[in-house]
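I have placed the structure first, in the form of structure tokens, so that the comments after it can refer back to it.
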Amino acid sequence: MSTTDNAIDPITFEVVRNKLQAITEEQAITLKSVSGSPVVTEATDFNNGLYLADGSIVTMGPQVLFHTGTMSSVIRSINAEFAENPGIREGDMFILNDPYRGAIHQPDVSIVAPIFHQGRHVAWAGSCAHQLDVGGMSFGSWAIGATEIQQEAMLLPGIKLVENGVLRQDLWQMIMGMTRLPHVLGLDLKAMIAANTVAARRLVELMDRYGGDTVETIMAEEIASSERQIRQALSALPDGVFRARDYIEHDGHENVLYRVCVTATKKGDRLTLDMTGTSPQAPGFINCTASGMRGAALTGLLPILAPRIRWNEGILRAVDFVAPEGILCNASWPAPVSSGTISTAWIVQNVVVAALSRMVACSPEHAGESQAVTKGHMMVMTLAGQDRDGGPFGTFLLDSTAGGGGAFPDHDGLDGSGDFCVPRPAIANVEANEANGPFLYLFRAFVPDSGGPGRQRGGAGASLAIAPYGTDALHAMMLGHGVEVPNAVGQFGGLPGACGRNVIRRDAGDPAALAGLAGDLDELLAAGVEQLGPKPGRMRLTSRDVLGYAFQGGGGYGDPLLRDPAAVLGDVANRHVSLTAAAAQYGVVIAKGTVDLSATEQARAAIRSRRLADATPKHAPGKGEFTIAEGRFACGCGCDLGPVTANWKDRVRSYRIEPETYGPHIRTHADLELREHVCTACGTLLEAEVVRKDEASLVTLQLDIHQSQPENAAA
């Protein structure tokens, strides 16, 4: 505690700050208890939090982190625009989903409530949840084909939905008239109102017990404490510049390739995230606004830079953002943004994870937080039509959260890890989804060879197939990215995880009979399958059609040839790696259920020689990929890679490689290619890069020679 807070004893401080987090947990319990939407109750696509009166984050839940980062922008927008008219008073609640006023995209609706104590505005409670439909040109409010934001969904700028404790029926009826599922949206909005009511009541009770000034002081000190800790963590990391970039295919109109770049500059106790170099905003719905970029960047940096720090506004106070107006992640009105959360914001998260992982890898103390990208894409499937009882039906499947986790320097990524932006992940049971709608799952299973190969393997992704059942037909919509871009990139020689995949088989047969035959997408859809692209859009499914999709695996960490052959054997036994991939990607030869060590040694030597254009390696491979000592980068074999201020890729062999070399799950857009960068002395793979054909390879990390560097830091 700071010196100004000496009047608050440590026990009171700990009790109150933990009670604040407990209030946020109770908010979440209330929201899930009242909501009837499977998006909230099963897939936890929501978040809650407490905020200072100015919008600063005090507490946040462990659900979708995007939401907490953007709700602070929502509150600041309401403070700036509506404090005078209509005014912010006790008993009020405001509803907002306008991305140009703080939301991330229109279906993520926020309701925020000012909290008053003894007549004074002291805080806000906020709840945000993804809604199944908020109007617009398409069910689900995913407006593929939109050219401007007015086409996409209703836009609520921060209207006072609850006034003096009373729900405004005029506004309520207006909102219900703009959604296709008023019974679902209405229950979710009331669930958020209930969650905020509980939070406000509990915070007032806490202030009554300990004093308003005491609780406000502790809230402010919580933020200040996190700021001090993040600055200490940054000060312990080497100064330098760390870069990453990623790509999105298809903007909802054409299959054009877009780029998202970040340059992370760390100097002293401050971090700057500069998005300069990102593509101009798109004519389609993949853009995100500044608030979406901020929320996504916060999501990317929290687990890497602040794994043991309380997550709140204090962390953001050490971070500066640079993003020119009119780019993909800082779009200007009226650019469409309804897919922004699963498109550009998702990619912002990816590049922040990749860049900051390179940063912490240069510090022995923090290297364990370095990681490859977790499932670098999102694929949306909505289903709508007539339910079994003849009533209206609609849902948003979030099974695609079951992608693979990015690998770490000392352990594999988790199989079916959940998304990086959800620290407490959840996925609906098959039975729960089937009970909520007229369709059947034919299977849901892990996909072999979907985890990115590496010294530590990326987590496996999953796939599934569904068919209408108990209804004549359903209207489906699919959209996302990562079908032609391997977004889940590896680190320091790790290969990317599998790309996503969307498929359909028309007139496949009776789904109840097919379910007994299903095993994976290829087995089920072997005959008559149609490969769909990243944004198939709307389609009609009859009761004899089967729709399937597969999700990206996590990126690998380190050269796959450095993986313990016994670990590869275990992967084969668990069916996460095929015998073919074991030999081709890991150089591990398995015969009769055991590793042939002699053949494996020969296979790995042959792969290293091939990487060196059939030359014989001069050095034996080291145990790792990079070391940093005496101001220079080096390969694990000892080969010098130049000063830390320069581009280490100037000292290696770089070449283009065909995507099929990485197996059947890797595909690239017509404008993309894969490049490998290998040590010229030992043939160790130091980076597998996904890059636009007309772009130079990225200078991924450069350290400041004037700051003392950690000796023998391992990357």
Donor on one side chain, acceptor on other, [X] and [Y], under 3.5 Å:
{"X": "D45", "Y": "H67", "value": "yes"}
{"X": "H481", "Y": "S343", "value": "no"}
{"X": "T276", "Y": "D274", "value": "yes"}
{"X": "Q456", "Y": "H411", "value": "no"}
{"X": "S578", "Y": "T580", "value": "no"}
{"X": "Q702", "Y": "R243", "value": "yes"}
{"X": "N330", "Y": "Q281", "value": "no"}
{"X": "N350", "Y": "D246", "value": "yes"}
{"X": "S697", "Y": "R675", "value": "yes"}
{"X": "S609", "Y": "D614", "value": "no"}
{"X": "R245", "Y": "Y247", "value": "yes"}

Salt bridge present between [X] and [Y] (N-O < 4.0 angstrom):
{"X": "E676", "Y": "K649", "result": "no"}
{"X": "D559", "Y": "R611", "result": "yes"}
{"X": "R457", "Y": "D415", "result": "yes"}
{"X": "R317", "Y": "E313", "result": "no"}
{"X": "R455", "Y": "D564", "result": "no"}
{"X": "R259", "Y": "E695", "result": "yes"}
{"X": "R667", "Y": "E484", "result": "no"}

Would the distance check show the side chain of [X] and the main-chain N or O of [Y] forming a donor-acceptor pair, the cut-off being under 3.5 Å?
{"X": "D596", "Y": "A599", "answer": "yes"}
{"X": "H669", "Y": "I248", "answer": "no"}
{"X": "S417", "Y": "G405", "answer": "yes"}
{"X": "W311", "Y": "A306", "answer": "yes"}
{"X": "Q349", "Y": "M293", "answer": "no"}
{"X": "T344", "Y": "G340", "answer": "no"}

With side chains defined as the heavy atoms from C-beta onward, is the minimum distance between [X] and [Y] less than 4.5 Å?
{"X": "L698", "Y": "E689", "result": "yes"}
{"X": "L703", "Y": "T645", "result": "no"}
{"X": "V568", "Y": "V595", "result": "no"}
{"X": "V380", "Y": "S400", "result": "no"}
{"X": "P486", "Y": "I666", "result": "yes"}
{"X": "Q232", "Y": "D269", "result": "no"}
{"X": "L479", "Y": "P534", "result": "no"}

Stepwise, does the side-chain hydrogen bond (donor to acceptor under 3.5 Å, both in side chains) test hold for Y557 with S370?
CA-CA 9 Å; Y557 201 107; S370 177; 3.0 Å; yes

Under the side chain to side chain contact (heavy atoms under 4.5 Å, CB included) rule, what do F321 and T272 come out as? Steps first, then yes or no, please.
CA-CA 6 Å; F321 293 94; T272 300; over 6 Å; no

Count the heavy atoms of every other residue, nucleotide or ligand shown that sit under 6.0 Å from NZ of K618, and state whether that count exceeds 12.
no

Would D239 and K266 count as a salt bridge (charged side-chain N to carboxylate O under 4.0 Å, His left out) if you check the C-alpha gap in whole Å, the side-chain angles of each, and the deciding distance to 0.1 Å?
CA-CA 5 Å; D239 285 352; K266 205 288 298 187; 2.6 Å; yes

With side chain to side chain contact (heavy atoms under 4.5 Å, CB included) as the criterion, how do R294 and T70 come out once you've worked through the C-alpha distance, each side chain's angles and the decisive distance to 0.1 Å?
CA-CA 7 Å; R294 182 177 179 269; T70 55; over 6 Å; no

Looking at CG of L273 and OG1 of T263, how far apart are the two atoms once the value is rounded to the nearest 0.5 Å?
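So the CG of L273 and the OG1 of T263 are separated by 9.5 Å.
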
Run the side-chain hydrogen bond (donor to acceptor under 3.5 Å, both in side chains) test on S450 and H665 for me, step by step, so that the C-alpha distance in whole Å, both residues' side-chain angles and the decisive distance to 0.1 Å come before the verdict.
CA-CA 7 Å; S450 57; H665 300 311; over 6 Å; no

Check step by step if side-chain hydrogen bond (donor to acceptor under 3.5 Å, both in side chains) holds for S226 and N312.
CA-CA 7 Å; S226 292; N312 58 46; 3.0 Å; yes

